Undergrad: 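Structure in structure tokens, see below.
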Amino acid sequence: MAGSYSAEDFAYLVDRESDQVELKTGVGLSPLQEALVAFSNAFGGAIFVGVTNEREVVGRRLDQATEDRVHEAARIAHGVGRYRVREIAVEGRPVVAVSVHRREDGFAQTSDGRLLVRRGGHNVALIGHEAWDFMSNRALRRFECSDSGVPLSHADPGLLEELCGIHGWSADDAGTVERLRERGLVNGSGILTIAGVLFLTDPAQSLGLGKAVVEVRRYPDDGPDYDRRVVGNGPLQRQVRWATQFITEELGSDLIVAGLYRYELAKLPEVVVREALANAVAHRSYELDRTAIVVELRPDAVVVTSPGRLPEPVTVETLRQAQAARNPTVIDVLRRFDLAEDAGRGVDVMEDTMRQELLDPPRFSEPANSVRVELPLRGPITPRERGWIADLERRGQLHITDRLLLVHAARGERLTNSRAREILGVDNLTARQALHRLRDARLLEQHGERRGATYVLSESIAPPAAFRMNPVQLDELILARAADGPVTNEAVRELTGLDRSSALGVLRRLVSSGRLVQVGGRRWTRYRLPG
């Protein structure tokens, strides 16, 4: 579907409402979900909002309310296929276009249970034998519920006890088998399902699923060759725990010193690592048993790739709005192990945590037959600036949503309302409230009034030189101080905000380059200009 149409081309496209075109002027929930369901059950199609039944383009902007309405219609229906919402232009006039894909497996129903298909421009309800035949032909049996052929008696006793414990059961209880069956881990014959095997055995041994593992590769650069490879196998809960710990420790932290305080800022929050792994484990296709979950540790990002596409109706564009699970039993057990968020919350937690930690947001994609999430190790601010922000938060001086504004002010920017909107990605009112909040807290100083108002960092909270200067600037600052007389390590620490070791390193560098001369020793060491 193109992004812009002439009136003639669009008129030809919607010449009549057909098996694959529906026209609407508004976004009523009931009509929208009927069209979404009918297209999902047929051959897909497009809903154009902002066009009358007479093919007159009256226009409709894709504002937040309209987009939310479409997602709500899809959510209250059952099993809607993949869809995409965007704005197109017809002779410069906006129209909302909703592209709906045909479901490849299963079927969709309206919120009141109707099974609709698209026929000749109408959404037709199937009843009786038609409904039965349709559902029988398209019913989806989840692979995780399939019979594994492994008896429950082959489950690892320790794993069984652990799983029963998180549910509050006793492994010796006579009703345990029935409870496992209710949870989708055992079938009626006492045979473990695929989900049961994944948690109660080592699937590589019990089923020969040698690739049902997490493989971590470390890359020294952006090239194709890795310099370390480790594999986490065993039951899924152990894979997620091991991989989370290994990756977090391998990445390490940035150690920032602010005055008397030291801040260890994780390069990637542990909850984000854990949730990315839990999502990969929970949503991967275990039918694709020749491919492992692969984690790439790159210099600037962690990349997690899992086999299988996103489950319908979820797309990369609708990750936060649409909810569906390929393996709901696996997700439920991981959640009970405290290794995953509640269903539908994982992506929210990842994105919100990255934003709170002032890191760039995760990036999702679907290369080939897989799902990929890239977790950047960089953000809009430096580790030293993160340390300064952490120090202000420790003192209770900073609202979490205002941190980016303060960083830009600390860099010497003179903030305006329009610049605040750009930095925060918010509207005019929200930006003004943030600036006033920082002003009232005496973190920013306001100059001018109304539209001419600008805001600069208050001198009372200016970050130490170590937070805002590069090494060359730090050298010049220390040399300027030495021009007034010999300096000590303590004096350099007070001047720059560096810790003892870092200050000593800068002084030794200046001595080595001949720009300072060391005199005395131990507690009496001084540094002066040559000559």
Side-chain angles (χ1 to χ4, degrees), residues 1 3 44 80-86 99-105 143-144 209-232 236 239-240 243-244 246-247 250-251 268 272-327 330-331 340 344 346-351 354 359-378:
M1 186 183 298
V80 167
R82 292 170 176 244
Y83 65 94
R84 180 185 181 193
V85 188
R86 62 178 176 144
S99 304
V100 187
H101 291 257
R102 177 186 187 273
R103 279 206 61 147
E104 297 300 327
D105 297 300
F143 182 69
E144 68 166 357
L209 296 178
K211 290 296 185 179
V213 298
V214 177
E215 180 179 321
V216 183
R217 303 171 183 172
R218 186 182 66 187
Y219 293 79
D221 50 39
D222 293 331
D225 300 322
Y226 50 85
D227 59 8
R228 187 179 184 187
R229 173 183 175 273
V230 290
V231 175
L236 296 191
Q239 290 186 34
V240 175
T244 299
F246 178 84
I247 293 167
E250 187 72 19
L251 293 174
L268 201 59
V272 173
V273 176
R274 187 207 70 195
E275 202 57 44
L277 290 165
N279 270 297
V281 164
H283 294 292
R284 72 159 288 174
S285 173
Y286 286 94
E287 293 170 279
L288 303 176
D289 58 3
R290 296 180 182 274
T291 308
I293 293 170
V294 176
V295 182
E296 301 174 25
L297 305 184
R298 298 280 183 176
D300 59 352
V302 173
V303 183
V304 183
T305 304
S306 59
R309 293 172 60 81
L310 290 167
E312 294 177 327
V314 182
T315 64
V316 169
E317 292 81 9
T318 63
L319 272 170
R320 290 196 73 154
Q321 294 87 9
Q323 295 183 15
R326 175 175 285 112
N327 305 305
V330 171
I331 294 172
V347 173
D348 291 353
V349 168
M350 292 168 62
E351 292 189 341
M354 293 287 274
L359 295 169
D360 287 339
R363 296 187 284 267
F364 297 89
S365 58
E366 279 190 293
N369 192 25
S370 63
V371 177
R372 176 185 175 107
V373 57
E374 184 176 342
L375 305 171
L377 299 177
R378 302 284 187 269

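Please read all numbers here as calculations on a predicted model, not as lab measurements.
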Undergrad: Return the CZ to CD1 distance between Arg218 and Ile247, rounded to the nearest 0.5 Å.
TA: 13.0 Å
Undergrad: Quick check: closest heavy atoms across Tyr286 and Val281, and the distance to 0.1 Å?
TA: OH-O, 2.7 Å
Undergrad: Which heavy-atom pair separates Val302 from Leu297 by the least distance, and what is that distance?
TA: CG2-CD2, 3.9 Å
Undergrad: Any side-chain heavy-atom pair from Val240 and Arg274 closer than 4.5 angstrom?
TA: yes
Undergrad: Test side-chain contact (heavy atoms from CB on, under 4.5 Å) on Arg372 and Val303; report intermediate values, then the result.
TA: CA-CA 7 Å; Arg372 176 185 175 107; Val303 183; 3.4 Å; yes
Undergrad: Under the side-chain contact (heavy atoms from CB on, under 4.5 Å) rule, what do Asp360 and Met354 come out as? Steps first, then yes or no, please.
TA: CA-CA 7 Å; Asp360 287 339; Met354 293 287 274; 6.0 Å; no
Undergrad: Return the CD to OG1 distance between Glu215 and Thr291, rounded to the nearest 0.5 Å.
TA: 10.5 Å
Undergrad: I'd like to know whether Val347 forms a side-chain contact (heavy atoms from CB on, under 4.5 Å) with Val373, so could you lay out the CA-CA distance, the side-chain angles of the two residues, the decisive distance to 0.1 Å, and finally the verdict.
TA: CA-CA 10 Å; Val347 173; Val373 57; over 6 Å; no
Undergrad: Is there a donor-acceptor contact under 3.5 Å from the side chain of Glu144 to the main chain of Val330?
TA: yes
Undergrad: Look up atom CD in Glu296 and atom CD in Glu374, then write down how far apart they are to the nearest 0.5 Å.
TA: 9.0 Å
Undergrad: Show the nearest heavy-atom pair for residues Pro362 and Pro376, with the distance to one decimal.
TA: CA-CD, 4.2 Å
Undergrad: Arg298 and Leu377: which non-hydrogen atoms are nearest, and at how many Å?
TA: O-CD1, 3.8 Å
Undergrad: Between atom CE of Met350 and atom CG of Leu375, what is the distance when rounded to the nearest 0.5 Å?
TA: 5.0 Å
Undergrad: Should Val216 and Val214 be marked as a side-chain contact (heavy atoms from CB on, under 4.5 Å) after you check the CA-CA gap, both sets of side-chain angles, and the distance that decides it?
TA: CA-CA 6 Å; Val216 183; Val214 177; 4.3 Å; yes
Undergrad: How many angstroms lie between atom CG of Leu277 and atom CG of Leu236, to the nearest 0.5 angstrom?
TA: 11.5 Å
Undergrad: Provide the closest heavy-atom pair for Thr244 versus Val273 in the form atom of the first, atom of the second, distance.
TA: CA-CG1, 4.0 Å
Undergrad: Working to the nearest 0.5 angstrom, can you tell me the gap between Ile293 CD1 and Ser370 OG?
TA: 11.5 Å
Undergrad: So which heavy atom on Arg284 is nearest to which on Ala212, and how close?
TA: NH1-CA, 3.8 Å
